[in-house]
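As structure tokens, the structure follows; a few thoughts come after it.
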Amino acid sequence: MKLRLPFIIVLLTALVFFVYTKFFNPCNSAEDCNLVCYEALHEQNFARAWKFCTLSIKKDSKFTWPLSNRSTARLGLHDYLGAIEDTTKAIELDPNYTNAYNNRGNAKRELGDYAGAEDDFKQAMLLDKTKHDAFQNIAILYQSWRKFDKMKTASENFISAFPANPDGYRLLAAAQSSLGERKAALGSYKKAFEKSNDKSDLYNAARIDVSFGNYGKACDYLKANGGDCSYIVYKMKEETAACEDSLKRKPSDISTLERLLQVKKYLGDKNGELEIYNKLLDVTDSYRYYNERAWELAMLARYKEAMPDAEKAIAKAPKDEVIGYIYDTRAVIKYGLGDYEAALKDHNEAVRQEPYSELYRNRAITRAALKNFNGAQEDLQKAWQLQKEGK
């Protein structure tokens, strides 16, 4: 027992020291604290990352790395204003800090400050053309902004600079699809699959072929690359044929048109969707279809075409109906037309009637356009809280 006691004491001391250094004081220098922060970021433990980056900054306020890393943690915690504050400080200390511009651009994009994000990504691209981040980020920005021509150009620039990266081709395909260039998008998805061997690219390409009615071609392409035809080809072909056969007998059958609409949605055929909405509205004057067609047009940045549908949806909805989502549609359209004050009024009515996360996110974008970044941050925090509650 006399021999064991000192050994136990040593073990306990070592254990206490390990626990203390691991959980209470795992870093002594700014560099050590930043390293702990960086490791926490890789684990996506954003609260821990924030804590140790903050410790690093306290130990050395001119050390730019923890400022950039803490901004990443703040992005993960949805503190976009905090992320902008950290990256701005890092840029003041080092005006050539590419990662800080990228992070600040990401924070501004999430907040809805699209013009500010565009400036930051462009600066990051000027500073360092060897990293793909800014090339990718600016294309994603234009997608959020629904500036599809710019998204297409940015994606092409991304591909030109980084031809082996499949994300460039995926972004180009998304831009081409939104611009109605479906055949070009088919080629881009196939290119993405060549670079990635990712089955999602394979199936995205096949969906486009199927939307053109090229069932055999789509199936051959899938089989040649290890894919399965059973749902995306056979099921869609069977469902489309059944719907078209039924519509020959009953051209105005709403349930059949809705079934065919779901096929178009699954295939990502936006023009096909709009054609079905046109047919549905020839049959019935439903406010719901006016709203859905308005939303699809808005997502394609065809705002002027969308506005009359949104107005009709609001006018035709029953007076006792909760229609916050329709006010949200009209708000998004007004935002797209640059009428931010009018958009905000509709957003306010939308969240008053239906306090859901998506509606708060959309209002945040409009508030950011009006330079009310604190209000935008509040809406985004509210949206994340509602999302946790399943709303």
Side-chain angles (χ1 to χ4, degrees), residues 12-113 116-117 119-128 130-131 133-134 137 141 364 367-368 371-385 387-388:
L12 287 173
T13 302
L15 180 61
V16 169
F17 179 77
F18 172 78
V19 170
Y20 176 73
T21 55
K22 179 72 175 174
F23 298 102
F24 297 98
N25 186 34
C27 61
N28 294 310
S29 68
E31 290 79 4
D32 289 345
C33 292
N34 181 60
L35 180 59
V36 176
C37 168
Y38 185 73
E39 290 169 348
L41 286 176
H42 275 267
E43 296 167 359
Q44 300 212 341
N45 188 339
F46 298 117
R48 179 174 170 81
W50 180 92
K51 174 183 175 181
F52 285 99
C53 272
T54 301
L55 280 175
S56 179
I57 293 163
K58 284 180 179 178
K59 291 175 185 293
D60 185 351
S61 61
K62 297 191 183 301
F63 188 16
T64 57
W65 289 5
L67 283 165
S68 181
N69 285 336
R70 188 171 71 176
S71 74
T72 303
R74 284 178 149 170
L75 281 168
L77 294 167
H78 316 299
D79 178 11
Y80 305 116
L81 289 176
I84 291 168
E85 181 184 337
D86 279 347
T87 47
T88 299
K89 178 64 176 174
I91 289 165
E92 287 171 2
L93 292 168
D94 181 0
N96 296 319
Y97 195 0
T98 309
N99 285 347
Y101 282 105
N102 263 317
N103 271 8
R104 189 168 71 176
N106 284 328
K108 288 178 179 179
R109 184 189 68 219
E110 292 291 342
L111 198 60
D113 180 9
D119 289 341
D120 280 338
F121 291 142
K122 283 182 176 179
Q123 186 61 26
M125 289 163 69
L126 283 173
L127 288 171
D128 191 348
T130 67
K131 293 182 179 177
D133 303 62
N137 287 337
L141 166 69
R367 282 180 151 178
K371 306 300 181 187
N372 181 4
F373 299 120
N374 287 321
Q377 175 75 55
E378 288 173 9
D379 274 350
L380 289 169
Q381 294 286 2
K382 179 72 173 176
W384 282 109
Q385 183 57 46
Q387 186 173 315
K388 288 179 184 176

_Phe52 vs Asn34, side chain to side chain contact (heavy atoms under 4.5 Å, CB included): CA-CA, chis, key distance, verdict_ = CA-CA 6 Å; Phe52 285 99; Asn34 181 60; over 6 Å; no

*Might you point out which heavy atoms bring Ser68 and Tyr97 nearest each other, and give the distance in Å?*
CB-OH, 3.3 Å

_Heavy-atom closest pair, residues Ala83 and Leu75_ = CB-CG, 4.1 Å

*Keeping the roles fixed (side chain from Lys62, backbone from Leu93), state whether a donor-acceptor pair exists under 3.5 Å.*
no

*Between Cys37 and Ala49, what is the shortest heavy-atom contact and its length?*
SG-O, 3.2 Å

_Which residue is it: Ser56, Cys33, Ser29? I am looking for the one with a side-chain contact (heavy atoms from CB on, under 4.5 Å) to Phe63._
Ser56

*asked:* Quick check against the 3.5 Å criterion: does Glu110 have a side-chain atom that pairs as donor or acceptor with the backbone of His78?
replied: no

*How long is the gap from CG on Asn99 to CG on Asp133, to the nearest 0.5 Å?*
7.0 Å

*asked:* If I take atom OG from residue Ser71 and atom NZ from residue Lys89, how far apart are they, to the nearest 0.5 angstrom?
replied: 14.5 Å

*Can you tell me if Arg104 uses its side chain to pair, donor with acceptor, with the backbone of Thr87 under 3.5 Å?*
no

*Checking Arg48 side chain against Ala40 main chain: does a donor-acceptor pair fall under 3.5 Å?*
no

*Indicate the atoms forming the closest heavy-atom contact of Ala134 with Met125, along with that distance.*
CB-CG, 3.4 Å

*Looking only at non-hydrogen atoms, find the nearest pair between Gln377 and Leu111 and report the distance.*
N-CD1, 3.8 Å

*Taking all non-hydrogen atoms of both residues, which atom of Ala107 and which atom of Ile84 are closest, and how far apart?*
CB-CG1, 3.7 Å

_Between CG on residue Leu41 and CD on residue Glu43, distance to nearest 0.5 Å_ = 9.5 Å

*Kindly indicate whether the side chain of Lys131, heavy atoms from C-beta on, has any atom under 4.5 Å from the side chain of Asn102.*
no

_Matching residue for Thr72 among Asp86, Asn106, Asn103 - test: side chain to side chain donor-acceptor pair (under 3.5 Å)_ = Asn103

*Could you give me the CA-CA distance, side-chain angles and deciding distance for Asp32 and Lys59, then say whether side chain to side chain contact (heavy atoms under 4.5 Å, CB included) is met?*
CA-CA 10 Å; Asp32 289 345; Lys59 291 175 185 293; over 6 Å; no

*Could you state the interatomic distance from CD (Gln381) to CG (Asp79), rounded to the nearest 0.5 Å?*
6.5 Å

*Verify, without hydrogens or angle tests, whether Tyr101 (side chain) and Pro95 (backbone) share a donor-acceptor contact under 3.5 angstrom.*
yes

*Take Lys371 and Phe373 through the side chain to side chain contact (heavy atoms under 4.5 Å, CB included) test and state the conclusion after the steps.*
CA-CA 6 Å; Lys371 306 300 181 187; Phe373 299 120; 3.8 Å; yes

*What distance separates Leu81 CG from Arg74 CZ, expressed to the nearest 0.5 Å?*
9.5 Å

*What is the distance from atom CG of Leu35 to atom CH2 of Trp65, rounded to the nearest 0.5 Å?*
10.5 Å

